[in-house]
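All values below come from the heavy atoms of this structure, side chains included, with hydrogens, waters and symmetry mates left out. Positions are given from 1 along the sequence.
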Amino acid sequence: MFKKIMQGIIVGIANIIPGVSGGTMMVAMGIYDKLIHSITHLRKEFKESLKFLFPIFAGIGVALVVVARILEFCFAVFPIQTNLLFCGLIVGSLPFIFGHVKGKRITGGMMLSFLLFFGIVIVMALMGENEGNAADVSFSVINVIKLFGVGVIAAATMVVPGVSGSMMLMILGYYNTILACINDAVTAVTEFDIPAVVESMLVLVPFGIGVVVGIFLIAKIIELIFQRAEAYAYWAIIGLILASPIAILWKTDWNGFSVSALLTGVVAFVAGWLVAGRLGEE
């Protein structure tokens, strides 16, 4: 249970950070296939699926509520070390992923799949440099529909390995708005400010419903892809994973670079690598 909660926390943190893929971290820790299976078979295998999904999503919730504030401090004070930590977590997953394609014949189509999805992450990183104007989330039927749609898109991209859901939110102009609403809701609850809680929920509820719908929709599609083209899917994931550290380092603030920052960053990278190994599939 504790291990699954920790895995959920790491996935949640990854989904908060633009440029980092929650789906990639699921793959890194060896829970991706089982998570997709549990989501798509929730009705047929309710107890078993819920037993697996509950601690994972509980950990994601902890990351959104608690770790987000800590992470904000880490990125502000130690951006190089924090980003290298996540690079270590991602790169540490590669031995596990290569195990799925080891010994299998490599075709031109598989390499095309690899290059295509490698390029997707790089393009997403370049597009996600700056967020547009803050989205209008004042209560209206149109905005509720928009928030639902944004939730569907965000969930779909959060589940796909190598694609950053938070970066997609930045591109759509909703990242800062949604993150601020989450933090405002937490503050309002702790202060028993009911009007502020209601105001935040008017944004978070339609967005959250869209997230749930998006997860179920994309999970079924991904399951079909793995059933019909597993080797191609894994080469696509390898491309996504190899490109992710490049995307993260591209977006890193290197203004505070120094020898000590580099050395501590290397330590953080190794720590991330070791954590990926411990949290990976046993």
Side-chain angles (χ1 to χ4, degrees), residues 4 7-8 11 14-15 20-53 56-57 60 90-125 149 151-165 167-168 210-247 276 279-282:
K4 286 186 176 64
Q7 289 171 330
V11 172
N15 277 328
V20 183
S21 166
T24 298
M25 299 315 304
M26 293 177 203
V27 173
M29 295 180 291
I31 63 173
Y32 189 75
D33 293 351
K34 192 169 182 180
L35 185 132
I36 295 297
H37 179 87
S38 296
I39 291 172
T40 55
H41 293 76
L42 186 59
R43 285 186 178 181
K44 295 180 180 178
E45 305 169 9
F46 184 76
K47 287 186 178 180
E48 196 64 29
S49 295
L50 195 63
K51 184 179 178 182
F52 178 79
L53 292 173
I56 298 292
F57 282 97
I60 292 173
I90 293 168
V91 175
S93 72
L94 281 172
F96 165 71
I97 303 302
F98 274 115
H100 288 275
V101 296
K102 185 178 180 181
K104 296 180 180 178
R105 187 172 66 91
I106 301 173
T107 66
M110 292 174 188
M111 286 297 95
L112 182 62
S113 179
F114 167 84
L115 293 171
L116 175 64
F117 284 86
F118 183 94
I120 286 173
V121 177
I122 300 301
V123 170
M124 287 285 288
V152 171
I153 294 169
T157 51
M158 285 173 185
V159 173
V160 176
V163 182
S164 170
M167 188 181 292
M168 180 59 70
V211 167
V212 173
V213 171
I215 287 174
F216 278 90
L217 284 176
I218 196 66
K220 191 62 182 176
I221 294 170
I222 289 171
E223 185 179 49
L224 290 172
I225 291 171
F226 271 92
Q227 287 174 351
R228 299 181 181 183
E230 183 181 29
Y232 289 87
Y234 274 112
W235 275 109
I237 288 173
I238 290 170
L240 293 166
I241 290 176
L242 285 175
S244 290
I246 298 173
L279 293 177
E281 189 172 66
E282 295 178 349

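Pairs of residues two or more places apart, or lying in two chains, never qualify as side chain to side chain donor-acceptor pair (under 3.5 Å) while including a residue from residues 105-122.
Closest heavy-atom contact between Gly109 and Tyr232: C-CE2, 3.4 Å. The nearest pair of heavy atoms linking Ala155 to Gly210 is CB-O, 4.5 Å. The shortest heavy-atom contact between Leu242 and Phe118 is C-CE1, 4.0 Å.
When side chains are defined from C-beta on, Val11 does not count as touching Ile56, because their heavy atoms never get closer than 4.5 Å. Looking at Phe114 and Ile106, their side chains never come closer than 4.5 Å, going by heavy atoms from C-beta outward.
Applying the side chain to side chain contact (heavy atoms under 4.5 Å, CB included) rule to Val152 yields the partners Phe148, Val213; only residues at least two apart in sequence or on another chain are considered. With sequence neighbours excluded, the residues satisfying salt bridge (charged side-chain N to carboxylate O under 4.0 Å, His left out) with Lys220 are Glu223. Considering only residues two or more places apart in sequence or on other chains, Ala219 meets the side chain to side chain contact (heavy atoms under 4.5 Å, CB included) condition with Ile36, Ile39, Thr40. Every residue two or more places apart in sequence or in another chain that forms a side chain to side chain donor-acceptor pair (under 3.5 Å) with Tyr234 is listed here: Asp33, His100.
Separating the CE atom in Met26 from the CG atom in Leu35 is a distance of 5.5 Å, to the nearest 0.5 Å. Taken to the nearest 0.5 Å, the CD atom of Glu230 stands 13.5 Å off from the CH2 atom of Trp235.
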Identify each donor-acceptor pair in which a side-chain atom of residues 44-52 lies under 3.5 Å from a protein atom, sequence neighbours left out, and give them as a table.
residue : atom : partner : partner atom : Å
Glu45   : OE1  : His37   : NE2          : 3.2
Ser49   : OG   : Ser38   : O            : 3.3
Ser49   : OG   : Glu45   : O            : 2.9

